[in-house]
Structure formats: structure tokens, C-alpha cells
Amino acid sequence: MESKLTQDAHIDIPLICGAMYPCSNPELVGAVSAAGAIGIIQPISLTFVHGHDYREGLRLAKQVANGKPIGFNALIEQSNKFYRERMEQWIEIALEEGIRFFITSLGNPRWVVDRVAQVGGRVYHDVTEAKWARKGIDAGVHGLIAVNNRAGGHAGSRSAEQLIDELRPFGVPLVCAGGIGTPEQFRSAIDMGYAGAQLGTRFIATAECSAHPDYKHAIVSATSSDIVLTERLTGVPVAVINNNYVKRLGTRAGPIARWMLRGRKTKHWMRTIYAVRSAYRLKKDLYKGAGAEEYWQAGKSVDGIHGVEPAGEIVRKFSAAL
Ligand SMILES: Cc1cc2nc3c(=O)[nH]c(=O)nc-3n(C[C@H](O)[C@H](O)[C@H](O)COP(=O)(O)O)c2cc1C
């Protein structure tokens, strides 16, 4: 099926395996691309969690993708100079390795658009509402990833239906992110007018994802009522499976953190502390078995996920629904 997304990303099926920290290992990214959709590299997951030299990791994903395109996720919120320089280098190397499809999250994506567009690449920007979409559009992005209130990771607050109405006036292709676990749900997002869909949770329960088998089985067993938003990981709500550990700890940030997050200056410190702490924490939890005080991220799409399957098989089934 042709859509603006398939044209922009040079793929056959308008389906994205979104970036997932810590779950995006290069074998998963490559397997999704090899099947005709597109897998997105999460650079911190690639290097810090999965231990690859950055360029070597990109090449591994490309090799598995067997000549089909892969994409790259640039999280551009951090204003810190060191991080910005690192991201610029990562993007340069991604371009050298032939990557032409980029997804930006948070922050102002202008510098990414300016660089990537020079070589004919495309940038889609993750947004949860019109206010952020406006910023992305003003920066020249080519498409928007509409992250809704059923998404894994940092969920939005609007439904898929509300978001398409709110974002359609921007006149760029819209990709539905959140809550899609079955081929039928994919089909209905396309019927609603989306140019494609971005999935996360569905692709954790795959043979290629290197997460602990208990994490995958927790996704298969969970229903959407088991998904809660916790502030305790990153300071902003993140969707996780409500296991005994999460229940015991509660989902609100502690009083000191809440106080720091309110202050104009202390907010930045607290966010940095959270970012570093959660990066270590989630890396460890990826390989923990059940009952080991684990945080396992997942979205409400768990409702439609009934088994661990090869990533390519999922892409084929989703494609057949179009
Ligand atoms: C475990 C997990 C980690 C995620 N990490 C990131 C990330 O690092 N960067 C990002 O832009 N999105 C991240 N996301 C969001 C996904 O890319 C995608 O938009 C979302 O999972 C779609 O919702 P779904 O899980 O219901 O399919 C993450 C999602 C999950 C489930």
C-alpha cells in the first residue's frame, strides 16, 4: 500500500517499529525493515544497553535489514552541550551510513531538519498535541507522529480520533502511535486517515527483541487495565505494567522530586538526575525475570497481543490487513 509515509521512508508497508529505550536492539530494528516496514534505531539503546560501537551497531541493523531502509530517532530535548554534540555526530554517521528517515522527539527539530533535508532525507516529529505540532511544522518537519493516550513510553493525552482532527489542519502526513496491537487496529488507523502507524509494545513480544522472556510474557498476559502511568521513572508519566513492585511503590514522584520539578532552575537538575537514573534502571530491568522489582514499559496495545512472534511475521500479518 502506498502512502505519504511509504514514499518518504522508501518502504513497502506504512508501519514503523518505533524507537524503544531499552528494547531497540539492532536485530529487532533490522528484522522489521527486512520485512518491508521500517525499524528505528534508538542510539542510546544501541550503544549503552546493547553494547555496540555506534557505527558497527548501525551496520548490524542494516545487514539484518538486507538492503531495506532503517530509521533513526533523535531525542533532542537535552539542552546540554555535550549531548547536543554527541547527537550531531550520531546524525552525521547515520547519514554516512545511508539513513534518510529520522524521527525527532521533544525540543526544536530545526537543526535536524536543516541537516537531513540537505541530503534529501525526511524528518517526522513526535507530538502529543497541536502546540508541539506547530513548533515542529515551523521547524520544517515533513510529517508528524501523533502519540495518543494508549501509547507505550511517554503517552499523550488525546485519543487517536481527537489527534487526527487536531493535527489534520497542518497538512502533513500523520502517523498513529499508540494502542495498536492487531492488524485490524492498524487497518482502522489507516481508514481514519492516518498515513501509517508506529508500534512499540507489539514488537517487544517478538523473537528478535532481546528482552527477558518474562517481560515478553508479561506483555502477552496483560490487559489494558494492567497498564498504569508512573512518574517515578523519569519525572513525567511513563506507561508501565502494574506489577507488585509498581503497586508497592505507587506511581507519584517523591516529595523532594516534586518540589524540584516545580522550580524553574531545579527542574533541569531533577530531569537530568531522572534521565541518568532511569537509563541505568531500565537497562538492568530489561533482563530481569518476573518478581525482581522490575519496571517493564508497555502501552495499552497489550490488549491485542496474544503471543511472542517473529517480527517479520507481525509485519506480514499487518500488511495483509490493508
Ligand atoms: C518500552 C518502550 C520504550 C520506548 N522508548 C522510546 C524512546 O526511547 N524514544 C521514543 O521516541 N519513543 C519511545 N517509545 C514510544 C514508541 O516509539 C512508540 O511511539 C509507542 O510505543 C507506540 O505505542 P504502543 O506501544 O502502544 O505501540 C517507547 C515505547 C516503549 C513501549
Side-chain angles (χ1 to χ4, degrees), residues 15-25 28-29 32 37-50 71-78 87 102-107 109 112 123-128 132 136 144-156 159-160 163 174-183 185-186 189 194 196-206 209-212 215-216 218-219 222-224 226-227 229-230 233-234 236-241 275 278-279 281-283 285-286 294-305 311 314 318:
L15 183 64
I16 301 172
C17 170
M20 288 186 282
Y21 183 91
C23 301
S24 295
N25 50 301
L28 172 61
V29 171
V32 172
I38 189 165
I40 306 294
I41 292 282
Q42 209 292 352
I44 308 173
S45 184
L46 182 70
T47 52
F48 177 62
V49 179
H50 299 285
F72 178 90
N73 175 235
L75 201 152
I76 50 178
E77 179 207 32
Q78 274 90 342
M87 188 52 82
F102 291 77
I103 296 179
T104 47
S105 314
L106 307 170
V112 182
V123 180
Y124 279 40
H125 190 53
D126 270 338
V127 299
T128 51
W132 309 122
L144 297 169
I145 313 273
V147 181
N148 64 47
N149 56 4
R150 292 177 61 80
H154 291 120
S159 68
L163 266 181
L174 305 174
V175 174
C176 180
I180 300 182
T182 66
Q185 289 166 331
F186 176 49
Y194 282 104
Q198 170 164 287
L199 276 57
T201 307
R202 173 60 275 193
F203 283 112
I204 300 173
T206 53
C209 178
S210 64
H212 192 288
Y215 184 0
K216 300 180 189 179
I219 287 176
T223 64
S224 53
D226 298 316
I227 304 302
L229 297 174
T230 182
L233 257 172
T234 63
V236 290
V238 176
V240 295
I241 300 178
S278 64
R281 180 65 212 261
L282 288 169
K283 174 183 175 178
D285 289 8
L286 183 66
E294 67 285 1
Y295 273 118
W296 283 336
Q297 298 180 79
K300 296 198 171 185
S301 53
V302 290
D303 271 339
I305 303 174
I314 294 171
F318 275 57

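Each ligand, and each atom within it, is numbered from 1 in the order the structure gives.
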Problem set entry | Flag for S105-H154: side-chain donor and acceptor within less than 3.5 Å | no
For this session: State, yes or no, whether a side-chain contact exists between I16 and Y124 at a heavy-atom distance under 4.5 Å.
Result: no
Exercise. Just by distance, do the side chain of N73 and the backbone of I40 share a donor-acceptor pair under 3.5 Å?
Worked result: no
Problem set entry | Step-by-step side-chain contact (heavy atoms from CB on, under 4.5 Å) determination, Q297 to Y215 | CA-CA 9 Å; Q297 298 180 79; Y215 184 0; 3.9 Å; yes
Exercise. Can any side-chain N or O of W132 pair as donor or acceptor with the backbone N or O of D126 at less than 3.5 Å?
Worked result: no
Exercise. Parallel, tilted or perpendicular for F48 and Y21, by the 30°/60° rule?
Worked result: parallel
For this session: Return the protein residues near ligand 1 (heavy atom under 4.0 Å from any of its atoms), ordered by chain and residue number.
Result: G18, A19, M20, Y21, C23, Q42, N73, S105, D126, R150, A151, G152, G153, A177, G178, G179, Q198, L199, G200, T201, I204, Y215, Q297, S301
